[in-house]
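All remarks here apply to the structure that follows.
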Amino acid sequence: MKTLDYWVYLALTAGKLYMFSIYTDTPFSFGFFLISLSGALVLSSWTLLIGSKKRRWILLSLLALHSTLLISDVWYYRYFGDLLSVQLISSMTQMSDVGGGFMSLIRWTDFFFFADFFVFLAFILFLRKRQKPVPSTSNKKLAGVILASGLVIFAAPLLSSVVKGEPWLSGDAVSDMREYYELGFWGYHGYDLAKGAVSLVRDASPSEQNQALVQEAFAASITENTGEQPNVILVQLESLQSSLIGQEIGGEEVTPYLNKLKNEMLYFPAFHHQTHEGRTSDAEFTINTSLHPLRTGSVYTRYADSTFNSLPETLRDGGYDTAAMHAYEKSFWNRDTVYENIGFSHFFSKEDYPDTEKIGMAINDEDFFLTSIEHMKQLEEPYYSFLVALSSHIPFEMPEDRKQLELPGYEDELVRNYYHSVHYVDGAVESFVNELKAQDMWDDALVIFYGDHDSGLVEAGGEMANQLSVQGTTEQFELFRTVPLWVKPPGLAKGETVETAGGQIDVAPTILEVAGIDQGFMLGTSLLSDTERLTVFRNGSFRKGDLYFEPDLTTAPGSGECYSIESGKKVEDARCEPYIEDALNQLRISDTVIENNGLEYIETQ
């Protein structure tokens, strides 16, 4: 057969697409297979116009390029739950500083994606002595048929979706994965490339529909609070997830001091991180602006100059001195630009901290905390100090003499090091609180500790999930999304556990309520109120009281399954349905404010 090489190429390509679904644990329906294969047909049909001798080497190169993109997507998905996008180019320069964490999640079996390269190479060598046919009319016709077939297979379901009025690409998808399931592997990357090109020239003003959403949210957001103006100390603890609080391994508490803090502070066991691809920077952004992260990339690197109604700016306008503290390079993830834009008057970075023992990316958390107290003393009262700790950042590099836990039953070195890191941070927080008390900076201050996101080690079937006996959708959701939050209002006499559910988007309104300052336009609500809030996540999932909604990203928006957190079982879809559109609108409003400077539109009315 003159074109046997081409059909072998297609078979290997199809096999890799299925392999990708296995590695990422994503659905692989027959319809998805067809639309993904159609992309390969369209992109490769032209090779049939070339003589077989050259064509085989071109197809070999295409296999290598395909494998490179697939394995890159696998690695990115494993860490962020999403696929690569050209919108991430602005973040690439920052990746080298956290590359150790990213590389630690690579598995040797991933390189099986390149096995087809050697299979096809052996096939080429086997055929090298055969006579190579000259390009013929039949090959040209075949190329045309394959191209047309690929286009028809690709376009048919999209046209059907449009005819049915399904709001897929015609609407604003909440996740790149929805586009992946609708367009297939090659279709997703092609569409993503087109979107990136269009974004360079399109009008940045929001649509009328999104303007109306923001206007409505703005009108409903103004609140009136009364209160004192205490000093505010807000501490972000790296990769701290709630599963560690109260956990014992081999009779040893992983976080003995943080466990005790529940006796001195308000502890929120149903608090959730709402980060996405920006991870730590997403947590900082959401905490300080009460907005959601982007569906692709980080606000810090893509929209650093947009207008936000931020916590530090609102506090500063209310008479506060504001300072951010992060013991790393000032320009890392554009923090110098973002911090100034959102209202921090001071930024204490690496150059403002001593050159003492380094753990992971920066100086150890204990020295960071104690030096930060000295920086706070320089601020005018009342002040807002925002501290970003780093010692427990992936890949969790903890010196041997700092490892104090035995951790029987745990074999994964990355998981073991994570527990060692958090145990160290627990002691650093104890030193910090003790010094605040010694300096008379504790009792009258509003002090908050929270985890920025999960450890990245919470995948179903992994050692951590297995050791914690995590089973079912809701338990996996809680392992992944729940991070601890401690709040100590001024003069709190005794700690207690507050069962109300909420997320990082609610922290800024909480602080402003205690400070007695109107929150203005913010999507969150104070965690100290009795409101049963809707906690929305970037992929369109949400929690409302006992309900958890998990969207089906393989279908149009609005589809999914409804669960009870308490029972872990599915419940009637009707119980979640009233909140689905509200959740999607919350994401649309946030995106409009960030991407289209929606607040500037409001301010001009």
Side-chain angles (χ1 to χ4, degrees), residues 82 85 87 161-162 165-182 191-192 195 198-199 202-221 272 274-278 282 285-286 289-299 302-303 306-310 503-506 508-509 520-525 533-544 549-553 555-560 576-605:
D82 217 328
S85 167
Q87 307 289 348
S161 177
V162 172
E166 295 175 340
W168 289 46
L169 297 182
S170 58
D172 51 344
V174 299
S175 170
D176 288 341
M177 294 306 296
R178 192 183 297 283
E179 293 172 358
Y180 167 73
Y181 293 128
E182 184 179 13
Y191 182 63
D192 176 69
K195 283 195 303 181
V198 170
S199 68
R202 71 177 179 183
D203 181 7
S205 61
S207 67
E208 291 185 7
Q209 179 183 5
N210 287 341
Q211 286 176 2
L213 284 174
V214 175
Q215 184 76 58
E216 182 181 355
F218 181 83
S221 66
H272 305 83
Q274 294 168 285
T275 70
H276 191 44
E277 294 180 4
D282 280 353
F285 175 76
T286 298
T289 64
S290 194
L291 292 170
H292 289 279
L294 297 171
R295 57 177 286 189
T296 302
S298 168
V299 178
R302 294 187 58 199
Y303 297 97
S306 289
T307 300
F308 310 111
N309 180 51
S310 67
Q504 290 168 334
I505 208 166
D506 303 310
F521 178 83
M522 289 186 174
L523 295 180
T525 57
R533 57 195 52 78
L534 181 67
T535 305
V536 183
F537 306 102
R538 185 62 256 190
N539 66 348
S541 61
F542 60 80
R543 176 172 180 174
K544 177 76 170 180
F549 176 74
E550 185 171 74
D552 181 358
L553 297 177
T555 62
S559 302
C576 286
E577 283 176 2
Y579 313 114
I580 293 175
E581 191 62 24
D582 289 343
L584 295 176
N585 280 339
Q586 194 176 119
L587 294 171
R588 292 172 185 135
I589 291 168
S590 181
D591 287 348
T592 301
V593 171
I594 298 168
E595 299 177 14
N596 306 116
N597 257 334
L599 289 185
E600 289 205 346
Y601 169 81
I602 294 296
E603 290 170 358
T604 61
Q605 299 306 299

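For the numbers below, each heavy atom of this structure counts, side chains included, while hydrogens, waters and symmetry mates do not. Note that the numbering runs from 1 along the sequence shown for the chain.
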Pairing donors with acceptors under 3.5 angstrom, does anything connect the side chains of D176 and T296?
yes

For L599 and N309 the tightest heavy-atom approach is CD1-N, 3.4 Å

Has Q274 got a side-chain atom pairing as donor or acceptor with V536's backbone, closer than 3.5 angstrom?
yes

Can you give me the closest heavy-atom contact between D82 and H276, atom names plus distance?
OD2-NE2, 3.0 Å

Interatomic distance, N585 atom CG to Y579 atom OH [nearest 0.5 angstrom]:
15.5 Å

Between H272 and G503 (side chain of the first, backbone of the second, donor and acceptor by atom type, cut-off under 3.5 Å), is there such a pair?
no

Quick one, L291 with F521, criterion side chain to side chain contact (heavy atoms under 4.5 Å, CB included). Give me CA distance, side-chain angles, the key distance, then yes/no.
CA-CA 10 Å; L291 292 170; F521 178 83; 4.2 Å; yes

Just how far is it from atom CD1 of I580 to atom OG of S559, taken to the nearest 0.5 Å?
8.0 Å

Less than 4.0 angstrom from a charged side-chain N to a carboxylate O is my criterion; do R302 and E277 meet it?
no

Flag, side chain of D282 to backbone of P293, donor-acceptor distance under 3.5 Å
no

Identify the two heavy atoms, one from F537 and one from R543, that lie closest to each other, and give their separation to 0.1 Å.
CE1-N, 4.1 Å

Without swapping roles, check the side chain of D506 against the backbone of T525 for a donor-acceptor pair under 3.5 Å.
yes

T289 side, atom OG1; F308 side, atom CZ - distance, nearest 0.5 Å:
6.5 Å

Does R538 pair with D591 as a salt bridge, N-O distance under 4.0 Å?
yes

Say whether, by atom type as modelled, one donor and one acceptor occur between the side chain of R178 and the main chain of T555 under 3.5 angstrom.
yes

Looking at N597, is its backbone amide N or carbonyl O close enough to the side chain of T307 to form a donor-acceptor pair, meaning the two atoms are under 3.5 Å apart?
no

Least distance between heavy atoms, A583 atom then L534 atom
N-CD2, 3.8 Å

Flag, side chain of T592 to backbone of R588, donor-acceptor distance under 3.5 Å:
yes

H292 and side chain to side chain contact (heavy atoms under 4.5 Å, CB included): which partner among T286, V299, I505?
I505

What is the distance from atom CG of L294 to atom CD1 of I594, rounded to the nearest 0.5 Å?
5.0 Å

May I ask you to decide if F542's main-chain N or O and T535's side chain share a donor-acceptor pair within less than 3.5 Å?
no

S290 side chain vs M522 backbone, donor-acceptor pair below 3.5 Å
no

